[in-house]
Amino acid sequence: MAAEYDPRDYIEAVLDVVERIPKGRVMSYGAIAEYLAARFGRGSARRVGTIMALYGGSVPWYRVVAANGRTPPGHEAAARRLLTAEGVMFRGERVDMAAHAWFPD
DNA sequence: GGGGTGACCCAGT
DNA sequence: TACTGGGCCACCC
């Protein structure tokens with residue numbers, strides 16, 4: 001079988017979803033992968049994480065956190081500051097996922 | 001072709 | 001709550 005889809009399409013789709021996360025809400029890498037799986041047929045939380053590390057600079061990357069509420073390595077302070085400013089609650093070093101997790105309609 | 005790596009995730013202990 | 005092991009998948013030697 002040949003080309004399933006252009007890798008750039010997947011990257012753009014990820015960034016597109018991140019841009020749609022409402023202010024004050026957060027989405028996990030896994031949730032994004034799951035949402036896109038319906039359209040691309042595959043994907044993984046790991047891939048989304050890699051894509052965010054490389055191309056997340058142009059979107060609200062801080063609204064994307066790990067499934068357990070932890071913010072991205074090396075950016076904990078910035079993420080916490082930006083999220084807090086939007087009204088997101090923290091429980092210690094993690095985001096209160098139960099209160100702010102979001103998923104596209 | 002083979003093996004290591006990573007802004008992940010989940011179940012088990 | 002913290003740590004471990006297995007699974008995941010694209011990338012880079």
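- Distance A/Y55 OH to B/dG6 P: 17 Å, rounded to the nearest Å.
- The nucleotide range of DNA chain C contacted by chain A, defined by atoms under 4.0 angstrom from heavy atoms of the protein and reported 5' to 3', is C/dA2 to C/dA10.
- Remark: C1' of B/dG6 and CZ of A/R46 are 5 Å apart, rounded to the nearest angstrom.
- The interatomic distance linking A/E76 (CD) with B/dA7 (C1') rounds to 9 Å, in whole Å.
- Annotation: side chain of A/M52 is in contact with side chain of A/V14 (closest heavy-atom distance under 4.5 Å).
- One N or O on the side chain of A/E76 and one on the backbone of A/G74 form a donor-acceptor pair closer than 3.5 Å.
- Looking at the side chain of A/T50, the nearest of the listed nucleotides B/dG6, B/dC9, B/dA7 is B/dG6.
- Residue A/I11 is grouped with residue A/F40 when hydrophobic side chains (ILVMFWY) are merged at heavy-atom distances under 4.5 angstrom, including chains of intermediate members.
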Exercise. Can you list the steps and then say if A/V48 with A/Y10 is a side chain to side chain contact (heavy atoms under 4.5 Å, CB included)?
Worked result: CA-CA 9 Å; A/V48 175; A/Y10 192 80; 4.0 Å; yes
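- For the pair A/R63 (side chain) and A/I21 (backbone), a donor-acceptor distance under 3.5 Å is present.
- In this structure, A/M97 atom CE and B/dC9 atom C1' are separated by 12 Å, rounded to whole Å.
- Ranking B/dC9, B/dA7, B/dG6 by closeness to the A/P73 side chain, first place goes to B/dA7.
- Linking Ile, Leu, Val, Met, Phe, Trp and Tyr residues whenever their side-chain heavy atoms come within less than 4.5 Å places A/F103 and A/V18 in a single cluster.
- Residue contacts shown for A/T71 are absent, as no nucleic acid heavy atom lies under 4.0 Å away.
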